[in-house]
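Here the structure is laid out as structure tokens; the discussion comes afterwards.
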Amino acid sequence: MPRPRKIIVPKYLSDDQVASLEGKWIDESYMKHPVIDYNCDVYYIDDNGNEVLLLKFRKNSFTNQLLRTGWKSYKDLAKPSRGRGASAGPIDTTSIYWKKRNIVNTNKWSTGYLTPTGNKMKDDLMDLTIIQLQDKIKDLNIKVNDIDINYKDSLIYLIIKKQNGFSKMKVNNQVASNPIGYYEATKNFADLPCRLTHFTRTNYQKYKEGLPFIQQINNMFSKLIPDSYNKQLERANQKPHLKIPGTCFSTITINRNFRTALHKDAGDFKGGFGNLTVIERGKYHGGYTILPQFGVAVDVRSGDFLAMDVHQWHSNTPIIETKEDRLYNEKLDPVYNDNPEVGTVGLDKKYTRLTFVCYLREKISNCPNQIDKRYLEASDHKKIV
DNA sequence: GCACAGGAGGGCCACTCCTT
DNA sequence: AAGGAGTGGCCCTCCTGTGC
């Protein structure tokens, strides 16, 4: 195998410029270099003029047998989620998912919505005349500006808001993406301890069966970037009961047909690298992993390995089905039976692009050394304990 | 440089409806 | 009756911006 190519890139966008693109779609126009689809190490020049490793990419890093293992074990584990933040992209008000709902307080990639009670209020208020609505506004002591007072819609929403018909929670576009493996304590909704995530526990067999695939991701990381690997392994070994066996990872994010908008990964070990691979079925083009600040993009395909600094802004270019791709994909035996009416982004497609991002969650190291065993083992489909 | 306020983030599960 | 799938609510903590 030829020596991997080395590329050194400047920052084409300032930190502020790239940050302002958070949550936005990034396309191939941000590429300043031809797409990387060969073995390659990319370094960037930081603000002090130092060469810093940005990514290492290696083609065909998995045997077909391991890819089959990964596919079989994990193809169904990319559960739809409304909480992926900026990476889920701007709220697409025309999408199947949002057209079914009444959304409010929409801002960039997150939005509120009318609760079922709010929807009911809306139906009832629609029947009123503007005069009746204005009276209601006065009765309820709602402040209203000179413009809104003349618009039925505005008045209706003001009344619903006043009567608590807005969701308290904000959500993002629904995409097929969720964490598998271990998670630190969460004290917001429920008081959950450090644990194996519930979805991992209810799919425990599949999770276990796929581990040889995950361990190969680990091995690639170890081989390519030994310094960072050892740092991360040492950190992971502080909580051996909360790491994926035979790896330096706590957690894997599994995505299906998920084109991410611009984001930085949150929650992972600051000194670590994100380790990424893809398993695909059917045909598509694009979906490059792009770092727009540095003008580079990588075409990560089935069985390729990418280690990258996920604390830099990154995204995916559009995933395209050409006419030929579509004809081919139409003839594939279906392996999923998703209901496209639900509107989870990407699940209407016949091709499959599974991505695996393996990392160590930063706060795992704050977890206690003793954890109730029930949070760390297989579960039936009932309550968490 | 600090205190404070306000907003954003977010995994799990109860509930409903439907299928077997 | 038991399950799967879809839907939407739970509310604390962290982060960021602002004003002193």
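Naming convention: chains lettered A, B, ... in sequence-line order (proteins, then strands); numbering from 1 in each chain.
Separating the NZ atom of A:Lys120 from the C1' atom of C:dG8 is a distance of 19 Å, rounded to the nearest angstrom. Protein atom CZ of A:Phe166 is 16 Å distant from nucleotide atom C1' of C:dG8, rounded to whole Å. When rounded to the nearest whole Å, the span between CG of A:Leu192 and P of B:dC12 equals 6 Å. Atom-to-atom, NZ of A:Lys264 to P of B:dA8 comes out at 19 Å; the value is rounded to the nearest Å. Between A:Asp268 atom CG and B:dG9 atom P the separation is 17 Å, expressed in whole Å. Rounded to a whole Å, the CD atom of A:Glu184 is 11 Å from the C1' atom of B:dG11. Taking atom CE of A:Met169 as the reference point, atom P of C:dT13 lies 17 Å away to the nearest angstrom. Taking atom NE2 of residue A:His263 and atom C1' of nucleotide B:dA8, one finds them 17 Å apart after rounding to whole Å.
Note: A:Phe213 and A:Phe62 meet the aromatic proximity criterion, with ring centroids under 6.0 Å apart.
When the nucleotides C:dG9, C:dT7, B:dG11 are ranked by their closest atom to the side chain of A:Arg84, B:dG11 comes out on top.
When heavy atoms are screened at a 4.0 angstrom cut-off, A:Thr197 is found touching the sugar-phosphate backbone but no base atom. Using a 4.0 Å heavy-atom cutoff across all strands shown, A:Asn178 reaches no nucleic acid atom at all.
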Under 3.5 Å, N/O pairs linking protein and nucleotides 14-16 of chain C:
none

What nitrogen or oxygen pairs link the protein and nucleotides 17-20 of chain B at under 3.5 Å?
none

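Relative to the six-membered ring of A:Tyr38, A:Lys59 misses at least one condition, a distance below 6.0 Å or an angle of at most 45° to the axis. Cation-pi check for A:Arg101 over A:Tyr97 is met; the charged atom lies under 6.0 angstrom from the ring centroid and within 45 degrees of its normal. With a 6.0 Å cutoff to the six-membered ring centre and a 45° limit on the axis angle, A:Arg301 counts as a cation-pi contact of A:Tyr284. Judged by the 6.0 Å and 45° rule, A:Arg361 forms no cation-pi pair with A:Phe269.
Mapping A:Lys170 and A:Asn339 onto DNA chain C by nearest heavy atom places A:Asn339 at the nucleotide closer to the 5' end. Residue order along DNA chain B, read from the 5' end via each residue's closest nucleotide, puts A:Asn172 first among A:Asn172 and A:Phe199.
At the phosphate of C:dT7, OP1 or OP2 sits under 4.0 Å from a side-chain N or O atom of A:Lys100. Remark: A:Lys168 is in phosphate contact with C:dC10, judged by side-chain N or O atoms under 4.0 Å from OP1 or OP2.
Looking only at side-chain heavy atoms (C-beta outward), A:Ile45 and A:Val9 stay at 4.5 Å or farther from each other.
Sequence neighbours left out, the pairs with a member in residues 332-341 of chain A that pass side chain to side chain donor-acceptor pair (under 3.5 Å) are A:Arg256-A:Asp338. Residue pairs meeting the side chain to side chain donor-acceptor pair (under 3.5 Å) criterion with at least one member in residues 81-91 of chain A, sequence neighbours excluded: A:Arg84-A:Ser177. Pairs engaging residues 12-32 of chain A under the salt bridge (Lys or Arg N to Asp or Glu O under 4.0 Å) rule: A:Lys11-A:Asp15 [sequence neighbours left out].
No donor-acceptor contact under 3.5 Å links the side chain of A:Arg82 to the base of B:dG11.
Across all non-hydrogen atoms, the minimal contact from A:Lys56 to A:Leu224 is NZ-O, 3.1 Å. Nearest heavy atom pair, residue A:Leu242 against residue A:Cys194, reads CD1-CB, 4.1 Å.
For the side-chain contact (heavy atoms from CB on, under 4.5 Å) criterion with A:Leu55, the lone passing option out of A:Ile225, A:Asp41, A:Leu291 is A:Leu291.
Taken residue by residue, residues 106-118 of chain A places heavy atoms nearer than 4.0 Å to DNA chain C at A:Tyr113, A:Thr115, A:Pro116.
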